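Below is one structure, written out as structure tokens; the observations come after it.
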Amino acid sequence: MEFNYCCSICNKNFNIVPELTLCPDCSKNQEPDQPLLGVLEVKLKGEADETFAVSDLLPVEPQYFPPSPVGNTPLWEPFNLRQKTGFKNLFIKDDSSNPTSSFKDRASFLVSAFAKKFNINDISLASTGNAGSSMAGIGAAAGQRVTLFLPKTAPKAKLVQALQYGARVFQVDGSYDMAYDISLAYSQKKGGMNRNTAYNPMTIEGKKTVSLELFKQLGLFTINGSRQNRAPDVVFVPVGDGCILGGVYKGFRDLKQLGLIQGIPRIIGVQTETSDALFRAFTTGKFENIPTTTIADSICVDVPRNGIHGLTQIKQYKGEVMTVTDVEIIQTRASLSRTTGLFTEPAGAAAFAGFLKAAPRLDPNALIVVLTTGNGLKDSASASLGISVPQTLIHSIDDIL
Ligand SMILES: *Cc1c(COP(=O)(O)O)cnc(C)c1O
């Protein structure tokens with residue numbers, strides 16, 4: 001297999017080198033506080049049949065992979081939920097079982113390998129929390145130094161997690177967007193590799209692995225009477241910067257290019273009503289920089305950095321973006337846990353809330369996958385809003401009889 005970069009706007013091709021992050025032509029017109037212009041995609045050239053290994057379709061050779069078991073996350077058949085909702089082919093792809101408990105490990109894994117290949121030992125990034133704790137953990141496995149810029153609002157567990165893995169952490173007195181800008185300035189001064197989402201093309205490329213896995217994993221189930229490798233009909237994806245969204249599309253597009261699937265699934269991106277930049281752009285065609293806030297910290301983003309690339313694909317492949325409220329997230333997060341035994345963080349619950357909201361207009365026979373992207377223990381403080389914690393202490397069995 002051969003690989004090169006291709007600009008997602010002008011389609012110009014480039015060699016894959018770490019110095020190049022955005023298309024030099026298209027990024028010239030970049031305005032501040034707008035989604036990135038000239039996001040580069042990896043393009044593959046070659047053939048593969050359905051026995052491919054995921055690593056065959058990645059642009060960095062396995063000898064550089066970090067020694068951390070990223071990916072191959074479980075695909076759940078939520079029987080109670082299927083019964084309750086009437087969707088008999090509903091699946092949950094649980095990415096909270098990655099080594100650092102979030103989907104972000106897919107991107108960190110490939111960025112780490114890419115840096116290793118070019119003997120780069122310093123990786124820096126901005127993060128709402130998970131990308132940082134992920135890069136810190138994967139970097140620790142690979143022996144790379146990680147410098148992280150976090151907004152002050154990041155949940156404590158994610159900060160502690162990154163520090164536990166030995167990363168250098170700076171807390172930014174402002175939003176994720178401010179952290180993003182500072183981290184870019186840091187990389188420009190200090191060198192090393194920047195892992196910022198969408199800015200580093202390996203983030204999107206790493207995230208595509210979820211689609212490749214789904215294709216193979218779905219082949220292990222008998223669905224509507226047949227058993228074969230296949231793509232889902234519909235995938236629910238939580239959206240912040242739109243990089244998971246872009247990666248999910250990229251994986252299916254690779255499969256289509258290789259002739260392994262016929263069509264691209266319908267991807268439904270889920271945002272929150274109070275952090276809905278991509279949803280607004282989907283509706284109005286314009287990206288406005290409006291300050292956001294939501295309980296789902298992982299998708300709290302003013303300017304979706306991969307917004308243009310994500311939106312272009314949504315339009316081209318007839319996907320959509322929808323919103324849910326924080327209250328819906330809190331409620332469905334608890335109900336998801338109670339019916340499945342899965343505890344996800346608010347962003348993961350957002351995808352599930354999106355599915356419940358869209359359910360009336362979906363075909364109950366459709367093959368549907370909901371991506372739960374992060375572990376609930378990363379933000380247990382917000383979970384306590386959806387449950388009631390006992391207020392009194394007992395001293396003996398008599399107190400409760
Ligand atoms: C980062 C993240 C998302 C959103 O991914 P984007 O690529 O920013 O759209 C969703 N869920 C979790 C748990 C995340 O950490």
Side-chain angles (χ1 to χ4, degrees), residues 35-36 39 73 93-98 100-108 111 125-137 150-151 154-155 157-158 161-162 176-177 179-180 195-208 210 235-251 267-272 275-279 281-282 292 294-311 313-314 319 321 324 329 333 342-354 370-379 382:
L36 293 173
V39 167
T73 56
K93 177 69 167 163
D94 178 30
D95 256 56
S96 64
S97 56
N98 271 305
T100 79
S101 308
S102 88
F103 191 101
K104 296 292 193 291
D105 285 353
R106 296 181 182 278
S108 302
V111 169
L125 75 156
S127 165
T128 61
N130 280 339
S133 47
S134 167
M135 193 69 249
L150 274 187
K158 298 181 182 181
Q161 199 188 359
Y176 166 60
D177 299 81
Y180 199 99
R195 182 222 178 271
N196 277 9
T197 195
Y199 177 79
N200 187 319
M202 294 302 160
T203 55
I204 298 171
E205 187 67 5
K207 287 176 175 186
K208 83 174 182 184
V210 72
V235 187
F236 285 86
V237 180
V239 175
D241 275 311
C243 198
I244 297 183
L245 180 79
V248 167
Y249 269 122
K250 176 60 166 50
I267 313 287
I268 303 186
V270 185
Q271 294 210 287
T272 73
S275 178
D276 64 343
L278 197 75
F279 172 75
F282 176 68
T292 52
T294 165
I295 191 170
D297 58 286
S298 296
I299 51 174
C300 187
V301 170
D302 300 352
V303 180
R305 303 294 161 160
N306 200 41
I308 296 171
H309 176 241
L311 196 57
Q313 298 185 78
I314 292 244
V321 192
V324 296
I329 289 175
R333 187 182 182 197
L342 189 147
F343 183 24
T344 182
E345 65 163 273
F352 178 63
V370 175
L371 282 188
T372 52
T373 43
N375 190 302
L377 293 172
K378 279 172 170 280
D379 189 6
S382 71

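Note that ligands are numbered from 1 as they come in the structure, with each ligand's atoms numbered from 1 the same way. Remember, it's a predicted structure, so these values are computed and weren't measured experimentally. Computed over heavy atoms, backbone and side chain alike; hydrogens, waters and symmetry mates excluded.
- Scanning the protein heavy atoms around atom 8 (O) of ligand 1, the nearest turns out to be Asp241 N, 2.8 Å.
- In the model, Asp105 has a side-chain atom that pairs as donor or acceptor with a side-chain atom of Ser134 under 3.5 Å.
- Shown in contact with Ile299 at under 4.0 Å from a heavy atom are these atoms of ligand 1, numbered in order with element: 3 (C), 4 (C), 10 (C).
- At a 4.0 Å heavy-atom cut-off, ligand 1 does not touch Ser102 at all.
- Atoms of ligand 1 found under 4.0 Å from any heavy atom of Gly374 (numbered from 1 in listed order, with element): 13 (C).
- Atoms of ligand 1 lying under 4.0 Å from at least one heavy atom of Cys243, given by number and element, are 6 (P), 7 (O), 9 (O).
- Looking at atom 11 (N) of ligand 1, its nearest protein heavy atom turns out to be Thr373 OG1, 2.7 Å.
- Here the heavy atom of the protein found nearest to atom 2 (C) of ligand 1 is Lys104 NZ, 2.3 Å.
- When side chains are defined from C-beta on, Asn130 does not count as touching Thr373, because their heavy atoms never get closer than 4.5 Å.
- Between Lys104 and Asp95 there is no salt bridge, since no side-chain nitrogen of the basic residue lies less than 4.0 Å from a carboxylate oxygen of the acidic one.
- With ligand atoms numbered from 1 in the order given, ligand 1 contributes 4 (C), 6 (P), 8 (O), 9 (O) to contacts under 4.0 Å with heavy atoms of Gly240.
- Under 4.0 Å from ligand 1, the heavy atoms of Asn130 that appear belong solely to its side chain.
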